[in-house]
Q: 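Sharing a structure, written as structure tokens. Questions coming.
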Amino acid sequence: MRWNSSTVWIILVYIAFGSLWIILSDGLLGLVARDPAQLVQWQQYKGIAFIAATALLLYGLLSYPQRQLARSEARQRLFIKHAPAALAMLDTELRFMLVSDRWLKDYGLSGEDLSGRGHYEVFPELPQRWREAHQRGLRGEVLRAESDYFIRPDGRTQWQRWEVRGPGI
């Protein structure tokens with residue numbers, strides 16, 4: 001498990017909440033329940049209430065980073081979609097995750113949704129040298145070409161400046 005500030009913060013909040021619950025609820029029960037049998041029964045109710053309260057607390061604490069991540073991903077999608085540069089992000093199986101509108105326009109695919117589609121499904125005509133570059137990129141290399149081309153199915157030559165970066169680079 002990776003310890004980060006979020007993890008430590010959640011643990012500290014839980015420790016503080018649990019400690020305060022025990023101290024305050026035990027003191028309150030001592031004032032309310034004088035009979036030992038009644039105290040045992042109230043202790044059981046207190047235990048069930050603690051489980052419910054901590055479940056809600058943990059849900060709130062754990063869902064906050066998820067909401068933050070979702071907002072960050074939405075900003076990333078918007079940034080890439082409207083970037084003035086041609087950008088495409090693919091997963092490790094070379095399926096499209098995100099593409100900019102400029103990228104779609106440059107490749108004659110405006111208006112298409114490529115999400116989840118394979119790169120070689122969309123571009124079966126890609127040269128073998130590019131396929132090899134993709135595989136090298138997936139192994140961690142950073143590769144680029146300032147001027148390269150491929151022949152489109154309609155016979156046009158499309159010139160490209162490209163860069164391949166693998167996962168986590």
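Heavy-atom basis, side chains included; hydrogens, waters and symmetry copies ignored.
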Q: For the atom pair CG (L94) and CZ (R117), what is the distance rounded to the nearest 0.5 Å?
A: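 Separation between the atoms: 14.5 Å.
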Q: Which is it for T54 and Y59 under the side chain to side chain contact (heavy atoms under 4.5 Å, CB included) test, yes or no, and what are the steps along the way?
A: CA-CA 8 Å; T54 55; Y59 174 78; over 6 Å; no
Q: Check the hydrophobic clustering (I, L, V, M, F, W, Y; side-chain heavy atoms under 4.5 Å; chains of links allowed) and say if W21 and L28 are grouped together.
A: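 In one cluster with W21: L28, no.
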Q: Hey, is the main chain of Q68 close enough, under 3.5 Å, to the side chain of S72 for a donor-acceptor pair?
A: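 No, the answer is negative, given that no donor and acceptor are paired below the 3.5 Å cut-off.
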Q: W162 and D148: side-chain donor and acceptor closer than 3.5 Å?
A: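 Yes, a side-chain donor-acceptor pair sits under 3.5 Å.
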Q: Can any side-chain N or O of S19 pair as donor or acceptor with the backbone N or O of A16 at less than 3.5 Å?
A: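 No; judged by distance alone, with no hydrogens or angles, the pair does not exist.
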Q: Between atom OG of S25 and atom CG of L20, what is the distance when rounded to the nearest 0.5 Å?
A: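 Here the interatomic distance stands at 10.0 Å.
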Q: Does any part of the side chain of L57, heavy atoms only, come nearer than 4.5 Å to the side chain of V13, both counted from C-beta?
A: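 Yes, their side chains come closer than 4.5 Å.
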Q: Please evaluate residues V122 and R95 with respect to the criterion side chain to side chain contact (heavy atoms under 4.5 Å, CB included), reporting the C-alpha separation (whole Å), side-chain torsions for both, the decisive distance (0.1 Å), and the verdict.
A: CA-CA 10 Å; V122 176; R95 291 180 307 232; over 6 Å; no
Q: Applying the 4.5 Å side-chain criterion to the ILVMFWY set and letting contacts propagate, would W159 and I151 be lumped into a single cluster?
A: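 Linked within one cluster.
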Q: Assigning hydrophobic clusters by single linkage (Ile, Leu, Val, Met, Phe, Trp, Tyr; side-chain heavy-atom cutoff under 4.5 Å), is F79 placed with M97?
A: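 In one cluster: yes.
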Q: Enter the distance from L61:CG to T7:OG1 here, rounded to the nearest 0.5 Å.
A: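 Answer for the CG-OG1 pair, L61 versus T7, is 11.5 Å.
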Q: Step through it carefully: locate the ring centre of W130, locate the ring centre of Y149, and say whether they are under 6.0 Å apart.
A: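 They do not qualify: ring centres at least 6.0 Å apart.
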Q: Report the C-alpha distance between L87 and R102 in whole Å, list the side-chain angles of each, state the deciding distance to 0.1 Å, and finish with yes or no for side chain to side chain contact (heavy atoms under 4.5 Å, CB included).
A: CA-CA 8 Å; L87 301 171; R102 171 66 186 267; over 6 Å; no
Q: Can a donor-acceptor pair be found, under 3.5 Å and without considering hydrogens, that links the side chain of Q160 to the backbone of E146?
A: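 Absent.
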Q: Hey, is CZ on R71 packed in by over 12 heavy atoms from elsewhere, all under 6.0 Å?
A: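 Enclosed.
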Q: Any chance you could measure E73, atom CD, to L98, atom CG, to the nearest 0.5 Å?
A: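 Reported value, rounded in 0.5 Å steps: 9.0 Å.
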Q: Between R156 and D154, does at least one N-O distance fall below 4.0 Å, as a salt bridge requires?
A: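 Between D154 and R156 there is a salt bridge, with a charged N closer than 4.0 Å to a carboxylate O.
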Q: Check the side chains of K105 and S110 for a donor-acceptor pair under 3.5 angstrom, ignoring hydrogens and angles.
A: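 Looking only at side-chain atoms, K105 and S110 do not form any donor-acceptor pair under 3.5 Å.
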Q: Do the side chain of R136 and the main chain of E141 share a donor and acceptor less than 3.5 angstrom apart?
A: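 Judged by distance alone, no pair lies under 3.5 Å.
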Q: I'd like to know if L62 and Y14 are part of one continuous hydrophobic network [Ile/Leu/Val/Met/Phe/Trp/Tyr, side-chain heavy atoms within less than 4.5 Å].
A: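 Yes; tracing contacts between hydrophobic side chains, which count when under 4.5 Å, links both residues.
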Q: According to the interplanar angle, ranging from 0 to 90°, do the rings of H119 and W103 count as parallel (below 30°), tilted (30 to 60°) or perpendicular (above 60°)?
A: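 Tilted: the ring planes of H119 and W103 meet at 30° to 60°.
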Q: Looking only at heavy atoms, which two atoms of E93 and D91 are closest? And how far apart?
A: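 For E93 and D91, the tightest heavy-atom pair comes out as N-OD1, 2.9 Å.
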Q: Please report the shortest heavy-atom distance between A86 and D106, naming the atom on each side.
A: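 Scanning both residues, the minimum pair turns out to be CB-OD2, 3.6 Å.
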Q: For I22 and K46, which heavy atoms make the closest approach, and how far apart are they?
A: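 Minimum heavy-atom separation between I22 and K46: O-NZ, 4.4 Å.
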Q: Please state whether the rings of W42 and Y45 are parallel, tilted or perpendicular, taking 30° and 60° as the class boundaries.
A: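 W42 and Y45: perpendicular rings.
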Q: I need the Q41 CD to L29 CG distance, nearest 0.5 Å.
A: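 It comes to 11.5 Å.
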Q: Quick check: closest heavy atoms across A83 and S100, and the distance to 0.1 Å?
A: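 Between these two residues, the closest heavy atoms are O-CB, 4.2 Å.
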Q: Let me see the working for Q43 and D26 under side chain to side chain contact (heavy atoms under 4.5 Å, CB included), right down to the final yes or no.
A: CA-CA 8 Å; Q43 287 285 1; D26 282 350; 3.7 Å; yes
Q: Which heavy atom in V142 sits nearest to a heavy atom in R144, and how many Å separate them?
A: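 So the two residues come closest at CG1-NH2, 3.6 Å.
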Q: Side chains of H82 and D101: does their closest heavy-atom pair fall under 4.5 Å?
A: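 Counting from C-beta outward, H82 and D101 do come under 4.5 Å.
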Q: What's the separation between atom NZ in K81 and atom CD in Q76, rounded to the nearest 0.5 Å?
A: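 It comes to 14.5 Å.
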Q: Looking at E163 and R165, does any basic side-chain N land under 4.0 Å from a carboxylate oxygen?
A: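 A salt bridge is present here (some side-chain N lies under 4.0 Å from a carboxylate O).
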Q: Does some side-chain heavy atom of L90 sit less than 4.5 Å from a side-chain heavy atom of F96?
A: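 The answer is yes, as the side chains (C-beta and beyond) meet within the 4.5 Å cut-off.
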Q: Determine whether L126 and Y107 fall in the same hydrophobic cluster, where Ile, Leu, Val, Met, Phe, Trp and Tyr are linked whenever their side-chain heavy atoms lie under 4.5 Å apart.
A: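 Yes, because L126 and Y107 connect within a single hydrophobic cluster, where side-chain heavy atoms sit under 4.5 Å apart.
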Q: Locate the shortest heavy-atom distance separating L138 from P167; write the atom from each residue and the value.
A: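 Heavy-atom minimum between the residues: O-CD, 3.7 Å.
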